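These numbers come from a predicted model, not from an experiment. Just so it is clear: chains get the letters A, B, ... in the order the sequence lines come, proteins before strands, and each one is counted from 1.
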Amino acid sequence: MNLFRNLFTSSIGRKFLMAVTGLVLVGFVTGHLVGNLQIFLPPDQINGYAHFLQGLGPLLWGIRLFLLACVAIHIWAAVVLTLESRAARGPESYGVKKWLRASVASRYMRMSGVVVLAFILYHLAHFTIGIPGDESYKSALPSVVLENDVREFGIPLAAAGTEVHDVYSMIFLGFANPIVSLFYIVAVGLLTVHLWHGTDSLFQTLGWRNARWADGLRKVVAIYCILYFLGNLAIPGAILTGLEEPAAGTTAAAELIAQR
Amino acid sequence: MVADTSSTQNISLKLRVWRQAGPDQEGRFVDYQAENLNSNMSFLELLDVVNDDLERRGEDPIAFAHDCREGICGTCSLVIDGKPHGPHHGIASCQTYVRSFKDGDTVVVEPYRAKPFPVQRDLITDRAAFDEIQQAGGFISVRTGSACDANAVPIPKEDADLAMDAAACIGCGACVAACKNASAMLFVGAKVSQFALLPQGQPERDQRVLNMVAKMDELGFGNCTNQYECSAACPKLISHDFIAKLNKEYLQASVRSAFKARSSV
Amino acid sequence: MATLNSNIPPGELADKWSTYKANMKLVNPANKRKYKVIVVGAGLAGGSAAATMAELGYKVDCFVFHDSPRRAHSIAAQGGINAAKNYQNDGDSVYRLFYDTVKGGDYRSREANVHRLAEVSTNIIDQCVAQGVPFAREYGGLLDNRSFGGAQVSRTFYARGQTGQQLLLGAYSALSKMIGAGAVTMHNNSEMLDLVLVDGQAKGIVVRNLNSGAVTCHAADCVVLATGGYGNVFNLSTYARNSNATAAWRAYKQGACFANPCFTQIHPTCIPVSGDYQSKLTLMSESLRNDGRIWVPKKAEDCDKNPNDIPEADRDYFLERIYPSFGNLAPRDVSSRAAKRMCDEDRGVGPTKLGVYLDFSDAIQRLGADTVRARYGNLFDIYKEITDESAYETPMRIFPAVHYTMGGLWVDYNLMSNIPGLFVLGEANFSDHGANRLGASALMQGLADGYFVAPYTVGNYLATQKPGSAPSIDEPAFKAAVANVQELTQRLLKTKGKETVAHFHKRLGKIMWDHCGMARTKEGLEEALKLIPALREEFWANVNVPGSDDHLNQALEKAGRLADFLELGELMCRDALTREESCGGHFREEYQHADGECLRDDENFAHVAAWEYQGEGNLPHRLTEDLNYQTVKMSTRSYK
Ligand SMILES: Cc1cc2nc3c(=O)[nH]c(=O)nc-3n(C[C@H](O)[C@H](O)[C@H](O)COP(=O)(O)OP(=O)(O)OC[C@H]3O[C@@H](n4cnc5c(N)ncnc54)[C@H](O)[C@@H]3O)c2cc1C
Ligand code: HEM
Ligand code: HEM
Ligand code: SF4
Ligand code: F3S
Ligand code: FES
């Protein structure tokens, strides 16, 4: 069908795919951040939440595949479009190179994107598969039993008494390592830079932006990016600096005290 | 080189100019000293003066494109110190004046750099690609003599004014030259938007945008990453809002053409 | 000797065009694609003609020296385009537009052509709007009009200050469509260097590709020239730098008559020359004269002073003084000449002493700077950009400049020259404007010729030609023309003298401006007729054209064009000398009313003077076509 050809082979079509997949990913990282911020609540909350997600079964795999497809399409489009643009510049480059007004974030999208990709790979290995620090990986930690019913927005996620992975401790232990934390912070910083241009840019790509409200949009995006970065900074930041101590009685609390 | 003819300040500049004998030849920068320039002289007149000197010495003058010299024909196309059309905002190369530079400055002059705009000689590039895009759909089909009365279809003044904003494009190609991706989106966006905004443009609206974008891609222009360098370099300050509009027009047209009922005859 | 038969159809003036269309010969639709038409030029005239004829089914080959048809000089027209739509309900009509144009042309144009122009003017606006030309509109969504010089009705349609651009883009888009469809073969960067006649009919051209230098021949059933005006013979003008007369001139040398070459229009409000490096003069809208007051110092020694330091008593508001009833709004030609006289009296201002003040201080005092900014802000900005001076603080300096050429190749009612099969459209023909063109009428004429006249009249001619009878380019006539072109090129390249092309162009321009410009005298013209041949000789002995002819060589392009200007300039002076009267843009100081107005001689000069080439070294013949006015009574043109 023509529509698919237009989407996958034309410049604007591929830009559209990039914007839509970008939008999905923005939704994911935002939701993920909100979920992760539960680390600042009692351990049951995040453990129950994680358990709920793990328990989705095929649905979880559906979501994972969808996200994977989005990342794949996003990256594929980025690579193809970038290669074409390089070629379009021609063999000879300018003697004097000058930027007129492109935002700084927009100039380094490709670099920030690559770092984000590296981060995602590392992060999956770290928390989802558990390669770097096997001993702090959730399945290596003793499981915990929920003391209370866990609910979110009134929806029950897990009942008291369920035995679940100790994701709470895994995060604390993972971020206790300053190198890991710093890498997270840098990566999330670059992700924010990526989003700074990306969330503004996707409106242009989808044709929803014009001079009348571009200024307003830019401000909203800026606020969003700042909040996003601060939220992400808070988790490793608070753990590393000791501002947030693991709740008493958790494996993380025990291990961290033992390390000191 | 030039006699002082007025009380205005006279300055000297060092020009570093790209010289290239032909499309398939190697090019390089060559320095020229231009002395005693009247600061009210236009940048193209400065090149005239340098050329006069070269010709008098029997050397090949610097080839540069120009015609109207008042910012409307879109022929002039210099990249001066890294910016298409020179240091100022919203004007063409031919409207740049020597007074924009300081005595003793080195000024680098080079041609547009984009694969679809091959260098012909020195500072001249071939921009026929723009014509090809236009031929792919940049028109409203109307048989001569078949038009209805001009006032038969009133057009809201706002739409007409916005269409005129888009129509002001002079086809100079500075947008492509300024874009790091060598994308032609601003030029195409302006043309597509002009017609999409007018009632006359409706019958061919979808076909037009699909064909023009396909041609643009085929000719090897790059892909827009919304950096807005193009509109910053545009001598007519064409807004990048028209790129957003182009995106929307293209996507809508793609969807509509996929689901449109087709006559079976 | 050529015969000038105007071929005006019989009948009442108002019916001529419809009668013509009803009776003209038609080409069978199936045969149309067997005819090939060459169109040289893609400005308003050429672009619209090529598109329309392709649409009709002819095979069209279109040639321009520009790198794209969209760059033709038509793009620079600012003000607007006239049409007798009467949308303002202010009493306009086809007749009134016709009458204004004939009167504006000082009764030196052909009635029948002008009437047809006025008739089709309304179709032009319909056509352009349908093409998507974004004309200015009122809040109700209907088209807006403005008024322009020489008319008492508002009939000028405009698109901001870019009317020419928008109209050209309309024609260009129509042309683009036909190129895309394969109906027009477009040849950019292709300069026509000769016309080829076969059996006395125009059947082809020789062109040089400006990028590769390749010289090629092209044959067709007929040739249409729409190559614009020749004002750059003056070197400095408001024309685009590359506008030239080469196509028309080479056609002249093949036998096409050149009509009224001396009729040039000088526009009073241009930004003056600032130094000898100057390449171009920029037009400022005439509307400035509504609120600005024009003056020069009374005493020559004040001319170098800051104008703001010159007391009121020492200023000479010369237009208000000489023409008390019209004042600063005196017509274009009258104002231009008055400014020149002031400068001749050494009272000109500015670095070159060729300028007069256009002062807004009264207006600013009376209306406030904001109102003045609202009315003229963009013009003040252009002025500032070019001169680096603020017209809000010091008076503007303005001076007249060459702006349009009413003369051109002679054509009959069919727009066909005296060479059968050679059609000439737009500014390139001697056209419908007589001795003076009204503002906003050139665009109208270009599009009228291209969209609505030539497609019919060319068909009428083609119907007399056997389909498929276009000659082959192997004919000896083509071979000879190529040899001719190459010989000329080699001559230019081999001279290897000491001076540049620009040097000679400046000198020619000065001779023309001094002797064949705003005011002309017998002595001056005779002087010029000595100076120009001498300059031409020097050019051929001492010009230096670097490079070769097998690559993009702008010096060579310029040299070829100047070589033609050096001949055309002489013809202009000769024409001016033999027209012993003043009319419109042609002002012979010997022939004026007591108040400085043109003194026409309808008894002896109510005719078109068309010059026929007689070979190198021989004087051309002066032929005449009498102008018989059926409908309009000739009277003294007065705007008092
Ligand atoms: C500054 C300015 C403002 C003006 N404003 C107005 C206005 O407001 N209203 C109005 O009515 N008129 C105006 N005019 C006049 C009007 O613009 C022109 O008379 C008109 O546009 C001429 O159109 P054209 O098609 O005859 O020629 P042009 O537009 O000059 O086109 C000439 C074409 O011929 C081609 N050509 C020429 N020689 C050759 C060759 N040897 N070989 C191949 N191709 C060749 C060129 O490439 C070009 O395509 C203005 C003129 C100027 C200078
Ligand atoms: C400080 C910030 C972050 C923390 C604390 C965090 C924590 C976690 C944890 C605990 C898991 C594993 C859940 C589980 O399997 O039980 C996870 C999975 C994941 N995280 Fe993060 N994350 C952070 C930032 C990010 C960022 C910025 C991204 C995206 C760029 C990201 C993308 C993912 C992905 C794709 C998964 C896998 C989801 C799945 O299993 O389907 N995370 N994260
Ligand atoms: C994995 C590696 C990634 C790479 C290589 C990458 C690369 C890019 C590139 C090159 C662009 C184009 C820039 C532009 O159009 O201006 C882009 C746009 C975008 N990216 Fe990414 N990106 C990656 C990951 C992500 C992630 C994880 C997100 C979301 C969280 C994201 C969100 C976006 C958004 C919203 C856009 C804007 C789309 C548009 O301009 O319309 N990207 N990306
Ligand atoms: S959009 Fe602007 S920069 Fe691009 S071609 Fe048009 S006028 Fe030139
Ligand atoms: S600069 Fe290039 S990236 Fe897009 S917004 Fe303009 S075309
Ligand atoms: S020369 Fe025409 S726009 Fe600069």
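Contact annotation for B:Asp165: both backbone and side-chain heavy atoms come within less than 4.5 Å of a heavy atom of chain C. Heavy atoms closer than 4.5 Å to chain C are found in the side chain of B:Ile91, but not in its backbone. For B:Ala166, no part lies under 4.5 angstrom from a heavy atom of chain C. Using a 4.5 Å cut-off between heavy atoms, B:Ser141 contacts chain C through both its backbone and its side chain. Using a 4.5 Å cut-off between heavy atoms, B:Ile170 touches chain C through backbone and side chain atoms alike. Looking at B:Arg143, the atoms closer than 4.5 Å to chain C (heavy atoms on both sides) sit in the backbone and in the side chain alike. For B:Gln194, the part lying near chain C is the side chain, with the backbone staying farther off; criterion is any non-hydrogen pair under 4.5 Å. Residue contact with chain B, scored on non-hydrogen atoms closer than 4.5 Å, involves the side chain of C:Asn188 exclusively.
Using modelled atom types, one finds no donor on one side chain facing an acceptor on the other under 3.5 Å when comparing C:Tyr277 with B:Asn40. Inspection of the B:Glu45 and C:Ser279 side chains reveals an N or O donor paired with an N or O acceptor under 3.5 Å. Looking at B:Arg127 and C:Ser68, their side chains never bring a donor and an acceptor atom within 3.5 Å of each other.
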Which pairs of donor and acceptor atoms, one on a side chain in residues 151-161 of chain B, lie under 3.5 Å apart (sequence neighbours left out)?
| from | atom 1 | to | atom 2 | distance (Å) |
| --- | --- | --- | --- | --- |
| B:Asn151 | OD1 | C:Leu143 | N | 3.1 |
| B:Lys157 | NZ | B:Asp161 | OD2 | 3.3 |

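The NE2 atom of C:His66 sits 3.5 Å away from atom CG of B:Asp67, with the distance rounded to the nearest 0.5 Å. The distance from the CG atom of C:Asn189 to the CD1 atom of B:Ile124 is 9.0 Å, given to the nearest 0.5 Å.
C:Gln127 places a side-chain N or O within 3.5 Å of a backbone atom of B:Gly145 that can act as its donor or acceptor partner. Of the possible polar contacts, one joining the C:Arg71 side chain to the B:Cys73 backbone as a donor-acceptor pair under 3.5 Å is found.
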C:Asn242 vs B:His66, test: side-chain contact (heavy atoms from CB on, under 4.5 Å). Steps then yes/no. CA-CA 8 Å; C:Asn242 296 321; B:His66 68 97; 3.9 Å; yes
Between B:Asp149 and C:Tyr87, does a side-chain hydrogen bond (donor to acceptor under 3.5 Å, both in side chains) hold up when you go through it step by step? CA-CA 11 Å; B:Asp149 186 85; C:Tyr87 281 160; 2.7 Å; yes
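For residues 128-138 of chain B, a heavy-atom distance under 4.5 Å to chain C picks out B:Phe130, B:Asp131, B:Gln134, B:Gln135, B:Gly138, given by residue number.
Using a 4.5 Å cut-off on side-chain heavy atoms (C-beta onward), C:Lys498 and B:Arg56 make no contact.
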